Participant: 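Take a look at the following structure, please.
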Amino acid sequence: MKRMNRILAAALAIALWASIPGGTALAENEMVTDIDLASAREAPGVKVESIVENHPDVAEEYAQTANTVFTITENGIYRFTGELENGQIRVDAPGADNIRIILAGVTLTNHTAPAIYIKNAFETGDTSLAAVRIHLQAGTQSVLNGSHYAKHTDSQGNEIDHDGAVSSAVSLVFEGEGALEINADNEGIEGQMHLIFNGGDISILSGDDAINGSGDNESHIMINAGRIAAKSILGKEGDGIDSNGSITVNGGTVIAIANPNSKDSGLDSDLGITINGGIVAASGSMYDEISPSSPQRFIHLVFTAPGEAGTPVVLTDEIGRAVIAFAPSAAYTQMTLSAPGMTDGLYQVYKGGSLDGEAMDGLYPSGNAYAPGT
């Protein structure tokens, strides 16, 4: 009964938050704890300590580096601002079921561990009831630099690796209308359970998988809204978006670019990929099958020679209108494109040519005029 009450309480709190327009206004009875990273001061529900990471992956130059760690220990709304080198935002709150981390213009760098590390919180197993939410405040841009990895031992004695710039042992939601830039020497966003994207403008450059749901046969990466540009182009390998469970795109814009030097995919999933809506532009050198029963149509292209980075691939309809145009920032041999309004029917595929408007992360705005290429 106690567990059910916690779930109902979390559902009510999340419903109240979701009903707030833009997710930035707060109800009268909601208290926000404001934290300036540069101050290194404790606050209600947050302790601050200095931690030196000690694991084999730490570069020699950072072996003695002490990180200033802000650890959230209980339910609440915590708004972070400011800049911090060698720091971390951590959640270690067993049983907590309603933690919101608001990023409101943060620049946070960590050379030896995740910049944001969700170590412990309540896990419902339900993608609609995640206990921890990262909210990107409208009108702000936050930057996270780092990754490497951290380790912890769970309640069953299993040793868990965390190797993302943002790394979570429990289900994690991203929301809001602000922007987030992640630069990761290893993985960008990594979650042991579910990763849910409900908003925000998120751009990731990573040395391995840009987004990784690492729970075998369990993780569900669900994209409902917002804009995600997941690019694994800094290292020797990596998928754009990789789930050891499943991937579902319900809406928003998804750009997923795999490493050009490895056999990786823009979208990679062990249990299947479904596109229900939104815009999808993915490139790589491998293809994990997208469910043919996906409600929204898609096209998958296989090229006999590597496509040149920066050259647009354009899908036009029967009367020559550009449906979707994508110029990946890395070479590829396979590409998947999907957009609202695509139906079973005849389309043309072009490479090159000229388009009006400027591309963002390789994706051109829809509806622009197109002078055909080859």
Side-chain angles (χ1 to χ4, degrees), residues 9-10 12-49 67-93 96-110 114-122 130-146 164-168 170-182 189 191 195-203 225-227:
L12 177 59
I14 290 169
L16 287 171
W17 176 251
S19 68
I20 300 169
T24 55
L26 299 171
E28 289 183 3
N29 62 340
E30 290 189 297
M31 299 295 294
V32 178
T33 299
D34 281 301
I35 302 162
D36 180 2
L37 290 174
S39 72
R41 293 177 182 171
E42 294 194 348
V46 180
K47 67 178 182 179
V48 180
E49 55 192 330
N67 295 314
T68 302
V69 178
F70 293 78
T71 301
I72 296 170
T73 60
E74 58 188 61
N75 283 331
I77 304 172
Y78 304 90
R79 179 163 50 209
F80 290 88
T81 56
E83 184 173 345
L84 179 60
E85 179 87 12
N86 301 318
Q88 183 184 78
I89 298 170
R90 180 180 297 192
V91 173
D92 193 358
D97 54 18
N98 189 16
I99 292 174
R100 304 175 218 166
I101 299 170
I102 300 176
L103 300 183
V106 161
T107 299
L108 179 59
T109 299
N110 194 311
I116 297 181
Y117 175 28
I118 316 299
K119 182 178 181 181
N120 205 344
F122 184 60
V132 182
R133 308 168 79 83
I134 293 178
H135 184 90
L136 307 177
Q137 184 167 302
T140 69
Q141 177 168 350
S142 294
V143 180
L144 303 176
N145 303 308
V166 177
S167 190
S168 181
V170 299
S171 296
L172 179 62
V173 170
F174 289 84
E175 63 184 13
E177 298 175 0
L180 176 62
E181 176 187 329
I182 297 176
I189 298 172
L195 294 171
I196 305 100
F197 297 87
N198 290 336
D201 185 347
I202 301 172
S203 179
R227 184 178 185 278

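If you're wondering where the values come from, they're calculated on a predicted model, not measured in any experiment.
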Participant: Please report the closest heavy-atom contact between Val132 and Ala121, naming both atoms and the distance.
Facilitator: CG2-CB, 3.8 Å

Participant: Counting C-beta onward and ignoring hydrogens, is there a side-chain heavy-atom pair between Leu136 and Asp201 closer than 4.5 Å?
Facilitator: no

Participant: Is the shortest side-chain heavy-atom distance between Phe70 and Leu108 below 4.5 Å?
Facilitator: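 Phe70 does not reach Leu108 side chain to side chain.
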
Participant: Between Val48, Asn86, Asn110, which is the residue that forms a side chain to side chain contact (heavy atoms under 4.5 Å, CB included) with Thr68?
Facilitator: Val48

Participant: Treating Thr73 as the side-chain partner and Val46 as the backbone partner, does any N or O pair qualify as donor plus acceptor under 3.5 Å?
Facilitator: no

Participant: Taking Gln137 for the side chain and Gly105 for the main chain, is one N or O donor matched with an acceptor at less than 3.5 Å?
Facilitator: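 A pair under 3.5 Å: no.
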
Participant: Write down the atom of Ala93, the atom of Ile99, and the distance for their closest heavy-atom approach.
Facilitator: CB-CD1, 4.0 Å

Participant: Measure the shortest side-chain to side-chain distance between Leu37 and Ile89 over non-hydrogen atoms and say whether it is less than 4.5 angstrom.
Facilitator: yes

Participant: Return the minimal non-hydrogen interatomic distance between Ala43 and Thr33, and the atom names on each side.
Facilitator: CB-CG2, 3.6 Å

Participant: How far does CG of Leu195 sit from CD1 of Ile189, to the nearest 0.5 angstrom?
Facilitator: 7.0 Å

Participant: With side chains defined as the heavy atoms from C-beta onward, is the minimum distance between Ile101 and Ile118 less than 4.5 Å?
Facilitator: yes

Participant: Is the side chain of Thr109 donor-acceptor paired with the backbone N or O of Glu85 at a distance under 3.5 Å, no angle test?
Facilitator: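 No; zero donor-acceptor contacts below 3.5 Å.
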
Participant: Show your working on side chain to side chain contact (heavy atoms under 4.5 Å, CB included) between Val91 and Tyr78 and close with a plain yes or no.
Facilitator: CA-CA 11 Å; Val91 173; Tyr78 304 90; over 6 Å; no

Participant: About how many Å separate OH of Tyr117 and CG of Asp92, when rounded to the nearest 0.5 Å?
Facilitator: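 That separation rounds to 8.0 Å.
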
Participant: Would you mind reporting whether Phe174 and Val166 have side-chain heavy atoms less than 4.5 Å apart?
Facilitator: yes

Participant: Once you round to the nearest 0.5 Å, how far does CG of Leu180 lie from OG1 of Thr140?
Facilitator: 9.5 Å

Participant: Can you find a heavy atom in the side chain of Glu175 that is under 4.5 Å from one in the side chain of Arg133?
Facilitator: yes

Participant: Which one of Glu42, Gln88, Arg90 satisfies the side chain to side chain contact (heavy atoms under 4.5 Å, CB included) criterion with Thr71?
Facilitator: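 Of all the options given, the one that passes is Arg90.
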
Participant: Under the 3.5 angstrom rule, does the side chain of Asp36 hit a backbone N or O of Ala38 as a donor-acceptor pair?
Facilitator: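 Yes, the answer is positive, given that a donor and an acceptor are paired below the 3.5 Å cut-off.
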
Participant: Hey, are the side chains of Ile116 and Leu103 touching, using non-hydrogen atoms and a 4.5 Å cut-off?
Facilitator: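 Side-chain contact under 4.5 Å: yes.
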
Participant: What are the two closest non-hydrogen atoms of Gly164 and Pro114, and how far apart are they?
Facilitator: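 That would be O-CB, 3.2 Å.
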
Participant: Looking at every non-hydrogen atom in both residues, tell me the closest pair between Arg79 and Asp34 and how far apart they are.
Facilitator: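 Smallest interatomic distance, heavy atoms only, reads NE-OD1, 2.6 Å.
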
